[in-house]
Amino acid sequence: MKKSILILLALLAAWTAGCALSSSELYTRLQSAYRNLSTFQASVQQSNYYPQLKKSINYSGRIYFTPGRMLMSFTKPGIQVLKIENGRVELYDASSKTLFQSAVQPQFGKMNPVEILQIYWSKSAVTVTSQSKTAASVKLVPKQDDLVSSLTATLNPASGIVSKLGYTDKSGNSVSYSFSGIKLNGSIPASVWKQSYPQDVQIIR
């Protein structure tokens, strides 16, 4: 009986290994899923951790994306809106009634959770840390980068769609995202991009 169980476990391990995808195969699935992406929208949970302060801040809201344009609208713990469009970034914080506006440098224009994994995959050492039929987790260590020290992600090995993403900067600060209710290439209401703010908002440029 014991010998039969060992044989079964060995066969199961061999079958699992045979179904596992390499990092290059996962990248191909990722590229296939996002290559012709016209829109992306989902619910998002964002967590920021600052080691120097030993503090975490968690946000929940929605993310909307089209090539060259992104908006993240959070309702918890408070209302915040981050918008990147036409080479400019806006950050609105309702609690302080403050709107920050600035030009965004080209290298930071694509530092968003929809595109960042595609950008870093080809210039990083990639390790597949775990894999099942429904989820593959990877770790990326950029070979040379002034901003990011490492990234992690979880994607569906069949569809290539990313459900979780995180990255750590050179100072040890980290950001992680978890997406749910993902909708690709669907219509985004025009009202999403037309943000309005209180008349007494303080604008900082």
Side-chain angles (χ1 to χ4, degrees), residues 34 37-120 145-154 161-205:
Y34 290 90
L37 186 69
S38 60
T39 68
F40 175 96
Q41 50 190 311
S43 296
V44 59
Q45 301 288 327
Q46 177 180 325
S47 179
N48 293 51
Y49 177 66
Y50 306 97
Q52 291 86 353
L53 302 175
K54 296 182 179 180
K55 181 179 181 180
S56 294
I57 305 177
N58 300 310
Y59 305 88
S60 61
R62 296 280 300 171
I63 178 172
Y64 303 90
F65 170 87
T66 63
R69 181 162 63 171
M70 185 197 75
L71 184 137
M72 297 180 75
S73 177
F74 297 106
T75 55
K76 294 179 181 179
I79 295 175
Q80 286 190 336
V81 178
L82 172 66
K83 181 180 179 182
I84 298 176
E85 184 177 16
N86 297 325
R88 296 194 63 81
V89 60
E90 289 186 350
L91 175 61
Y92 171 68
D93 179 66
S95 63
S96 60
K97 291 187 179 180
T98 303
L99 176 64
F100 298 89
Q101 297 179 329
S102 175
V104 58
Q105 297 181 15
Q107 63 267 38
F108 300 122
K110 292 188 176 182
M111 290 291 291
N112 65 71
V114 181
E115 297 175 304
I116 190 172
L117 190 61
Q118 294 169 277
I119 292 170
Y120 275 92
D145 191 83
D146 294 332
L147 187 65
V148 175
S149 60
S150 66
L151 301 95
T152 58
T154 299
I161 301 299
V162 177
S163 59
K164 294 182 180 180
L165 172 69
Y167 63 90
T168 303
D169 67 20
K170 295 293 185 178
S171 299
N173 303 311
S174 64
V175 183
S176 63
Y177 304 93
S178 179
F179 307 109
S180 61
I182 297 172
K183 185 178 180 181
L184 304 181
N185 300 329
S187 176
I188 296 177
S191 58
V192 166
W193 307 107
K194 297 177 181 178
Q195 295 294 310
S196 60
Y197 307 109
Q199 291 185 350
D200 59 345
V201 66
Q202 179 184 9
I203 299 177
I204 300 177
R205 293 185 173 92

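All residue numbers in this chain count up from 1 along the given sequence. Source: prediction; values computed, not measured.
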Just to verify, what does [X] make a side chain to side chain donor-acceptor pair (under 3.5 Å) with, not counting sequence neighbours?
X: T154; value: S137
X: S60; value: none
X: T98; value: S96
X: S102; value: none

Restricting to non-hydrogen atoms, name the atom on [X] and the atom on [Y] that form the minimum distance, rounded to 0.1 Å.
X: V81; Y: S73; result: CG2-OG, 4.2 Å
X: Q118; Y: Y34; result: NE2-CB, 3.4 Å
X: A42; Y: S180; result: CB-O, 3.5 Å

[atom1]/[X] to [atom2]/[Y] distance, rounded to the nearest 0.5 angstrom?
X: I182; Y: Q41; atom1: CD1; atom2: CD; value: 11.0 Å
X: M70; Y: I84; atom1: CE; atom2: CD1; value: 4.0 Å
X: Q195; Y: L82; atom1: CD; atom2: CG; value: 10.5 Å
X: L117; Y: T152; atom1: CG; atom2: OG1; value: 9.5 Å

Go through the structure and list residues passing ring-ring contact (aromatic ring centres under 6.0 Å, His included) with [X], not counting sequence neighbours.
X: F179; answer: F40
X: F100; answer: none
X: Y120; answer: none

In short, salt bridge (charged side-chain N to carboxylate O under 4.0 Å, His left out) pairs touching residues 74-91 with sequence neighbours left out are R69-E85, K83-E85
Contacts satisfying salt bridge (charged side-chain N to carboxylate O under 4.0 Å, His left out) that involve residues 190-200 (not counting sequence neighbours) are K97-D200
Do [X] and [Y] make a side-chain contact, defined as non-hydrogen atoms from C-beta onward lying under 4.5 Å apart?
X: L37; Y: N185; value: yes
X: I63; Y: V114; value: yes
X: Y177; Y: V175; value: yes
X: R62; Y: L71; value: no

So the ring pair (Phe, Tyr, Trp, His ring centres under 6.0 Å) pairs with at least one residue in residues 61-81 (sequence neighbours excluded) are Y59-F74
Using a cut-off of 6.0 Å, state whether more than 12 heavy atoms not belonging to I79 lie near its atom CD1.
no
Is it true that a side-chain atom of T39 and a backbone atom of S187 form a donor plus acceptor pair closer than 3.5 Å? no
Sorted by chain and residue number, the salt bridge (charged side-chain N to carboxylate O under 4.0 Å, His left out) partners of D145 (sequence neighbours excluded) come out as K123
Distance-only donor-acceptor hits, side chain of residues 47-55, under 3.5 Å, sequence neighbours excluded:
unit_1, atom_1, unit_2, atom_2, d
S47, OG, N58, OD1, 2.8
N48, OD1, Q46, NE2, 2.7
N48, ND2, Y50, OH, 3.4
Q52, NE2, S171, O, 3.1

